[in-house]
Amino acid sequence: MKYRPVEKDYLDRCHSLVVLGGTFDPIHMGHIAIAEAVYNEIKPQRVLFMPCGQPPHKYEHQRVTHAKHRLHMAALAACEHPAFDLSALEINRPGLSFTIDTARALTALCPDGAKISFVIGADAFEDILKWKDADELLKTCKFIVVPRPGYESAKAMAQIEILTESHGGSFHWLEIPLKDISSTDIRERLKAGKSVQGLVPKWVEDYAHFHGLYRSEVPFNKAQMGERFKEATESLRIRLSPKRFKHTMGVIEEANRLAAHYSLDIEKARWAALLHDCAKEYSTHKKHTLCKLWRIEVDEVLAANIDVAHSLLGAESARRDFLIDDEEILQAIRYHTTGYKTMTMLDKVIMLADFIEPGRDNWGPLKEMRELSLININEALILGIKATIKEKKSDRQPIHPWSLAALKTLKKQK
Ligand code: ATP
Ligand code: MG
């Protein structure tokens with residue numbers, strides 16, 4: 001699967017760029033700390049995380065996790081910072097990932113004279129002469145070398161001097177606080193069932209856990225669905241703000257009640273309710289980045305208010321992060337904000353539960369909607385959608401055509 005390049009939109013305007021390449025198997029706090037330090041010290045326009053496709057330096061027995069997982073974890077972690085981006089350039093390029101090829105590609109994409117630097121840890125720097133086309137690489141590229149626990153900084157600095165003399169290259173030693181974290185250690189900890197709390201972002205920890213990465217046993221089967229629901233709830237308790245988590249619990253309660261009343265599959269309703277807002281609190285930058293990466297079309301309305309895309313992103317995240325493959329659940333998450341022309345009962349239940357969950361108060365037609373909820377779900381939703389449209393109009397915000405289409409159909413079904 002090819003990932004849409006997220007860098008296309010800005011590289012031709014990017015005059016200074018720092019690239020942090022790596023296997024990112026998985027991305028960890030050490031990587032994030034390097035990117036932050038480099039950003040604060042060097043002040044480039046952007047920092048680009050570049051997970052490699054096939055690392056040339058890993059041996060056959062060191063099997064690397066599938067690129068889609070490494071890319072996804074890097075996206076979840078890296079895109080919280082407005083100046084950080086993630087590139088699928090190396091992952092999309094067939095064959096081994098050589099830095100020289102990436103340097104050439106980036107030079108071609110950026111404006112003439114753009115300053116492109118590569119960050120490299122003291123461990124990787126030791127071996128740099130073994131890299132493909134090392135002579136050209138060292139002559140033409142700029143490197144920022146950072147210390148790494150277990151590797152003598154003095155030795156790296158001496159190597160910088162030697163290489164500057166021999167190749168006339170550009171090397172910058174950047175003293176950053178040492179973080180004794182490595183992906184190797186994280187993989188070993190996960191394999192041994194040990195905690196990796198604080199070593200990787202929570203998103204990454206959950207992703208690795210749900211996908212059974214770095215463990216030998218099979219990640220999960222349907223019989224463990226109840227157990228998984230508990231785990232996913234705990235994961236959201238940490239990820240979401242307390243207010244959003246409380247709202248989510250309210251939506252589960254309401255969806256449960258409505259699903260029971262309308263004889264729907266309660267498990268499906270509970271999962272859709274649990275995950276409906278899982279992407280709501282992604283930063284604006286992360287929402288934009290993930291829409292590009294996951295090929296979610298950003299139409300005019302979404303472009304004007306990317307927050308609306310949280311339901312589309314939520315469905316994607318439910319699929320990718322929480323391994324939900326049930327299309328009905330995914331659809332209910334996808335359309336819970338806007339509605340849709342042809343809504344299933346489950347879609348309606350989730351949308352209504354979001355409107356009227358017990359924690360909501362003092363909102364437009366809330367009382368009437370609650371009264372109608374068990375009598376005529378279509379009428380209840382019409383009131384909610386109409387009130388939303390009114391609010392948007394008074395805030396001069398565009399209205400998504402899906403909401404208008406939903407309204408039309410619901411009126412016919414009334
Ligand atoms: P592995 O243990 O699988 O080799 P890693 O932790 O070294 O993983 P990589 O993806 O190989 O992570 O590293 C990408 C880049 O980040 C390399 O240049 C590496 O030297 C640097 N790096 C990784 N972790 C640290 C750290 N804790 N401190 C400094 N540099 C680091
Ligand atoms: Mg490494």
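Both ligands and their constituent atoms are indexed starting at 1 by order of listing. Heavy atoms only: backbone and side chains are in, while hydrogens, waters and symmetry mates are out.
- Checked for salt-bridge contact, D85 and K292 miss the test: no charged N lies under 4.0 Å from a carboxylate O.
- The nearest non-hydrogen atom to atom 28 (N) of ligand 1, considering only G121, P177, S182, P147, comes from P147.
- Short contacts between ligand 1 and R187, defined as distances under 4.0 Å to a heavy atom of the residue, involve ligand atoms 3 (O).
- At a 3.5 angstrom cut-off on N or O pairs, I176 does not count as close to ligand 1.
- Taking the centre of each ring, W173 and F125 stay at or above the 6.0 Å mark.
- Contact analysis puts G21 in contact with ligand 1, with a non-hydrogen atom separation below 4.0 angstrom.
- Of all the listed residues (T184, I27, D185), T184 holds the heavy atom that lies closest to atom 1 (P) of ligand 1.
- Atoms of ligand 1 found under 4.0 Å from any heavy atom of I120 (numbered from 1 in listed order, with element): 18 (O).
- Remark: R70 engages no residue in a side-chain hydrogen bond (donor to acceptor under 3.5 Å, both in side chains) (not counting sequence neighbours).
- Judged by the shortest distance from any of its heavy atoms, T23 lies inside the 4.0 Å radius around the atoms of ligand 1.
- Ligand-side atoms of ligand 1 in range of G22: 10 (O), 14 (C), range being under 4.0 angstrom from any heavy atom.
- No part of D180 comes within 4.0 Å of ligand 1, judged by heavy-atom distances.
- Atoms of ligand 1 found under 4.0 Å from any heavy atom of F24, numbered from 1 in the order shown, are 10 (O).
- Checked against the 6.0 Å centroid criterion, the rings of W294 and H72 qualify as a close aromatic pair.
- Classified by interplanar angle (parallel below 30°, tilted 30° to 60°, perpendicular above 60°), the ring pair W363/F355 is parallel.
- Ring centroid separation for the pair Y282 and H310 does not come in under the 6.0 Å cut-off.
- Ring centroids of W271 and F229 are separated by less than 6.0 Å, placing the two rings close together.
- Heavy-atom proximity to D123, at under 4.0 Å, picks out these atoms of ligand 1: 19 (C), 20 (O).
- Under the 6.0 Å cut-off for aromatic ring centres, H31 and H28 qualify, their centroids lying closer than that.
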